[in-house]
Amino acid sequence: MTNQRAPHHHGDEPIVSIRNLRAGYGRVPVVHGVDLDLRPGQVVALLGPNGAGKTTTLRAIAGQIPTVAGDILFDGVRTRAPLHRRVRLGMAYIPESRAVFRTLSCRDNLRLGSSGLSAALAMFPQLAERLDVPGGLLSGGEQQMVGLARALSRKPDLIIADELSLGLAPLVVDTLLAAIRSAADEGAAVLLVEQHVRKALTVSDFAYVMRRGSIELSGTSAELLERVDDIERTYLSLALHPEAS
Ligand SMILES: Nc1ncnc2c1ncn2[C@@H]1O[C@H](COP(=O)(O)OP(=O)(O)OP(=O)(O)O)[C@@H](O)[C@H]1O
């Protein structure tokens, strides 16, 4: 992976391929044999009830936890690089916890991104009125916008985002997902874990449904959206936040 996107990737080649991934904590595997492909320009949603192993899968792909078995290929090359090296190769990993500097102003938080304030405000104009507010006093949604603007400012070619919208109002969720969609439209590959199933299927191109550590179903998001009631009943009914989808 490099930061020079377009010339590097051609056709339909995956930028990331996961083959028979097993990962977990200590000696306890919680992800059993996951296969998954991410292509430039695509948003891929990873759905599933709480505890299915979605976050663990993301952490393994990001290099935050080691794999127990299986392969993670970046641009067709097997990698065991740790998180910070994958970030240098062009990955942005947005974990569930919100990453703002609480005592720095919103303005200074945004300036930490590599393309600066104006690009961030073009992405999220609503932050313009909040520039002097310390990061810690921004709303949850605003904090998430700041974190996302900073992550996207590096023009990553792989974006891994874990429950961006946890606890946020529907309109804010739409704003965040729209920013993710634009990054994909500009060429990034995106892997998204999202509790709002319908929103996730609307914004994504392809989706995987995970349960008990394995992929149980996959398909184009359009196909899955057509049978979303059935999918929610059959695969996602263990979700702790069914009202959120
Ligand atoms: N740090 C950890 N140490 C040990 N077990 C963990 C750890 N984190 C998660 N687990 C366990 O791994 C399993 C999968 O968790 P994971 O967070 O990957 O699921 P998830 O699909 O992301 O669900 P959620 O939506 O609740 O985050 C769960 O049984 C969980 O209890």
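We count ligands from 1, going down the list as the structure has it; atoms in each ligand are counted the same way. Positions are given from 1 along the sequence.
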What protein heavy atom sits nearest atom 19 (O) of ligand 1, and how far off is it? G53 N, 3.1 Å
Note: D71-R19 ion pair, threshold 4.0 Å (strictly below): no
Tell me whether F101 at atom CZ has more than 12 heavy atoms from other residues, nucleotides or ligands lying less than 6.0 Å away. no
Under 4.0 Å from a heavy atom of Q195: give me the atoms of ligand 1 that qualify, with their elements. 25 (O)
Atom 9 (C) of ligand 1 [closest protein heavy-atom partner, distance rounded to 0.1 Å]: Y25 CE1, 3.4 Å
At a 4.0 Å threshold, what atoms of ligand 1 neighbour a non-hydrogen atom of P49? 21 (O)
Nearest protein heavy-atom contact for atom 18 (O) of ligand 1: which residue, which atom, what distance? T56 OG1, 2.5 Å
Min heavy-atom dist G213 to ligand 1 below 4.0 Å: no
Does the pair F124 and L176 meet the rule for a side chain to side chain contact (heavy atoms under 4.5 Å, CB included), with working shown? CA-CA 9 Å; F124 300 117; L176 295 168; 4.3 Å; yes
dist E129:CD -> E142:CD (nearest 0.5 Å) comes out at 9.0 Å
Near T55 (heavy-atom distance under 4.0 Å), the atoms of ligand 1 are 17 (O), 18 (O), 20 (P), 22 (O), 27 (O)
Would you say atom 4 (C) of ligand 1 makes contact with the protein, given that contact here means a non-hydrogen protein atom less than 4.0 Å away? yes
Salt-bridge contact E194-K54 (side-chain N to carboxylate O under 4.0 Å): no
Contact between R59 and Y25 at the side-chain level, heavy atoms closer than 4.5 Å - yes or no? yes
V133, L127: one ILVMFWY side-chain cluster at the under-4.5 Å cut-off? yes
Close side-chain approach of F74 and I15, heavy atoms under 4.5 Å: no
If the contact criterion is a heavy-atom separation under 4.0 Å, does E163 count as touching ligand 1? yes
For A52, counting its heavy atoms only, list the atoms of ligand 1 lying under 4.0 Å from any of them. 19 (O), 20 (P), 21 (O)
Working to the nearest 0.5 Å, report the span between CG of L47 and CD1 of I231. 8.0 Å
Is V30 in polar range of ligand 1, meaning some N or O pair under 3.5 Å apart? no
protein heavy-atom neighbour closest to atom 26 (O) of ligand 1 works out as N50 ND2, 3.1 Å
Under-4.0 Å protein heavy-atom contact, atom 12 (O) of ligand 1: yes
Heavy atom of G51, distance to ligand 1 below 4.0 Å: yes
